[in-house]
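The first residue of the sequence shown is numbered 1, and numbering continues consecutively from there. In this text, all values refer to a predicted model and were calculated from it rather than measured experimentally.
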Amino acid sequence: MATTTEIVVCTTCRGPGRVDGVGAALAAALAMSASGSDIAIVPVACLWSCERGASAQLRHPDKIGYVMGGFGADDADALVDFARAHAVSSDGVIPYNTWPTGILGHFIARTPPPGGTVS
């Protein structure tokens, strides 16, 4: 696993109404938004979060991670902004009052780093 914050994005996700291409559009928008930054975009075929597509996982090997869903391509900048805050945090915890508006309501789960716990 990388030592930078990664956004793992489902490229096969369908959005509301099961519309094809929503995940692929999000992946492309994330790649553009994160271009030139230290945030890595990792496309995957499926995150098994079909009811909340398009889905993404924010991860780093030493920090708390997040699984989020219900995104569209227009949410890419907010997701990358949240990932940047995650990257500079010591533990992956980002104060609620600094969250970009575009990620509110998208959280599915918070995950501990390997071998760690979530408090």
| note | Shortest non-hydrogen pair, Val93 vs Ile64, comes out as CG2-CD1, 3.7 Å

| Under a 4.5 Å cut-off applied to non-hydrogen side-chain atoms, are Thr111 and Val67 in contact? | yes

| field | Spatial distance of atom CD1 (Ile108) from atom CZ (Arg52) [nearest 0.5 Å] | value | 4.5 Å

| message | Could you measure the distance from the CG atom of Asp75 to the CG atom of Leu26? Nearest 0.5 Å is fine. | response | 7.5 Å

| Nearest 0.5 Å, what's the CG-CH2 distance between Leu104 and Trp99? | 7.0 Å

| note | So NE2 of His60 and NE2 of His86: to nearest 0.5 Å the spacing works out to 7.5 Å

| request: Examine distances only and state if a side-chain atom of Ser55 and a backbone atom of Leu47 form a donor-acceptor pair shorter than 3.5 Å. | output: no

| Among pairs that include at least one residue of residues 21-48, which meet side-chain hydrogen bond (donor to acceptor under 3.5 Å, both in side chains), considering only residues two or more places apart or in two chains? | Ser33-Asp77

| request: Locate the shortest heavy-atom distance separating Pro113 from Pro61; write the atom from each residue and the value. | output: CB-O, 3.6 Å

| message | For His106 and Phe71, take the angle between the two ring planes, folded into 0 to 90°, and tell me which bin it lands in: parallel under 30, tilted 30 to 60, perpendicular over 60. | response | parallel

| When rounded to the nearest 0.5 angstrom, what distance separates OG in Ser49 from CD in Gln57? | 11.0 Å

| query | Are Glu6 and Ile41 side-chain neighbours, meaning at least one heavy-atom pair lies under 4.5 Å? | reply | no

| task | State yes or no: do Tyr96 and Met68 share one hydrophobic cluster built from I, L, V, M, F, W and Y residues joined by side-chain heavy-atom distances below 4.5 Å, directly or via other members? | result | yes

| request: Using the salt bridge (charged side-chain N to carboxylate O under 4.0 Å, His left out) rule, collect all pairs that involve residues 83-101, keeping only residues at least two apart or in two chains. | output: Asp81-Arg84

| field | Distance-minimising heavy-atom pair for Cys10 and Ala45 | value | SG-O, 3.7 Å

| request: Report whether Phe107 and Ile94 are members of the same hydrophobic cluster (ILVMFWY, side-chain heavy atoms less than 4.5 Å apart, transitive linking). | output: yes

| said: I'd like to know whether Ile7 forms a side chain to side chain contact (heavy atoms under 4.5 Å, CB included) with Val42, so could you lay out the CA-CA distance, the side-chain angles of the two residues, the decisive distance to 0.1 Å, and finally the verdict. | reply: CA-CA 6 Å; Ile7 300 173; Val42 181; over 6 Å; no

| query | Which pair of non-hydrogen atoms, one from Ala83 and one from Thr5, has the smallest distance, and what is that distance? | reply | O-CG2, 3.8 Å

| said: Has Tyr66 got a side-chain atom pairing as donor or acceptor with Ala56's backbone, closer than 3.5 angstrom? | reply: no

| note | Residues Ala78 and Gly102: closest non-hydrogen pair is CB-CA, 3.7 Å

| query | Once you round to the nearest 0.5 Å, how far does CG of Leu58 lie from NZ of Lys63? | reply | 9.0 Å

